[in-house]
Peer 1: 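Below is one structure. I have some questions about it.
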Amino acid sequence: MDRGENMSHVSEVAEAIPRSPLARVFDDALVTAGSRADVGERVAAFVDLARRYQEPGRHYHTLRHVAEMSAALRVLLAADRRAPAACAVHVCVLAVYFHDAVHEPRLADNERRSAELAIDVLARLGCPERIGADVARLVLATASHRSTHDDEALVNDADLRVLARPPAAYDRYVRRVRREYGWVGERAWREGRGALLRGLLDGGPLYATAWARRNWEPLARLNVTRELHALGRGLDAGP
């Protein structure tokens with residue numbers, strides 16, 4: 001079977017797979033973005049993303065995270081009073097799906113690799129070049145969670161929604177992230193995680209949108225501060 005026949009076979013198989021709500025949202029965003037690919041090719045693209053989020057070693061950066069981030073994005077969009085033209089919703093949705101597509105804790109450039117993947121996949125699916133560029137920009141913004149555009153603020157705040165979960169849910173999130181870095185020694189983990197949290201707290205508001213600052217910021221700061229104190233106590237206790 002040559003490459004063309006193989007791709008055709010993959011599309012036929014993918015088209016026959018029952019589509020989950022996550023798959024339908026992804027497909028709707030692709031169609032709105034102007035994808036010229038057939039439905040089988042679009043579903044095959046989602047299947048590849050889903051497999052990436054199900055890779056061994058992922059405990060937080062999974063499809064659950066994509067689903068929760070998508071829900072947070074919907075909340076933020078519903079609360080946003082600006083005209084729809086001020087934000088391309090389908091671009092934000094696609095950025096949510098691609099932002100952690102490459103996740104290797106030992107690497108420092110996962111967002112760049114995820115952005116490059118987004119550009120490649122969206123081009124192969126026949127989306128206009130500007131769509132890939134905008135999705136890549138949003139994915140890259142999640143590396144620092146610093147927002148210079150309205151759409152970056154929406155995606156970054158959706159990504160950081162977990163910080164404002166109730167304490168028990170926040171603690172589960174922390175445990176899952178720690179498992180992804182299981183190869184890191186305890187002291188190195190506490191120092192690295194502590195530096196990251198202090199950077200968040202000292203960098204101004206955790207959230208970029210006014211609604212998230214009003215509704216998520218207070219609890220998020222309490223959670224982050226609480227974790228930071230726990231990390232410090234562990235360091236004080238010695239190795």
Peer 1: Test of understanding: with salt bridge (Lys or Arg N to Asp or Glu O under 4.0 Å), list the residues that count as partners of R226, not counting sequence neighbours.
Peer 2: D171

Peer 1: Test of understanding: with salt bridge (Lys or Arg N to Asp or Glu O under 4.0 Å), list the residues that count as partners of R176, not counting sequence neighbours.
Peer 2: none

Peer 1: Can you sort out the partners of H145 under side chain to side chain donor-acceptor pair (under 3.5 Å), two or more places apart, ordered by chain and number?
Peer 2: D159

Peer 1: What pairs of donor and acceptor atoms, side-chain ones from residues 198-208 against any protein atom, are under 3.5 angstrom apart with sequence neighbours left out?
Peer 2:
from	atom 1	to	atom 2	distance (Å)
Y207	OH	L160	O	2.7

Peer 1: List for me each residue that meets side chain to side chain donor-acceptor pair (under 3.5 Å) alongside S147, sequence neighbours excluded, and say none if there are none.
Peer 2: N156

Peer 1: Applying salt bridge (Lys or Arg N to Asp or Glu O under 4.0 Å), name anything that partners R179, two or more places apart in sequence or on another chain.
Peer 2: none

Peer 1: By side chain to side chain contact (heavy atoms under 4.5 Å, CB included), which residues pair with V184, not counting sequence neighbours?
Peer 2: R178, Y181, A188, W189

Peer 1: Taking side chain to side chain contact (heavy atoms under 4.5 Å, CB included) as the definition, give me every residue that meets it alongside A67, ordered by chain and number, with sequence neighbours left out.
Peer 2: L22

Peer 1: Could you pull out every donor-acceptor pair under 3.5 Å between side chains of residues 132-141 and any protein atom, sequence neighbours left out?
Peer 2:
from	atom 1	to	atom 2	distance (Å)
R137	NH1	D151	OD1	3.0
R137	NH1	E152	OE2	3.1
R137	NH2	D151	OD2	2.8

Peer 1: Say whether, by atom type as modelled, one donor and one acceptor occur between the side chain of Y53 and the main chain of A101 under 3.5 angstrom.
Peer 2: yes

Peer 1: Holding to side chain to side chain donor-acceptor pair (under 3.5 Å), I want the full list of residues that pass it with R112, two or more places apart in sequence or in another chain.
Peer 2: D109, E116

Peer 1: Hey, what's the ring geometry for W211 with W216, parallel, tilted or perpendicular (30° and 60° as the breaks)?
Peer 2: perpendicular

Peer 1: Under 6.0 Å between ring centres, would you say that holds for H61 and H99?
Peer 2: no

Peer 1: Salt bridge (Lys or Arg N to Asp or Glu O under 4.0 Å): which pairs involve residues 45-69, sequence neighbours left out?
Peer 2: D48-R52, E55-R58

Peer 1: Could I get the full list of side chain to side chain contact (heavy atoms under 4.5 Å, CB included) partners for V121, not counting sequence neighbours?
Peer 2: A45, F98, L117, R124, L125

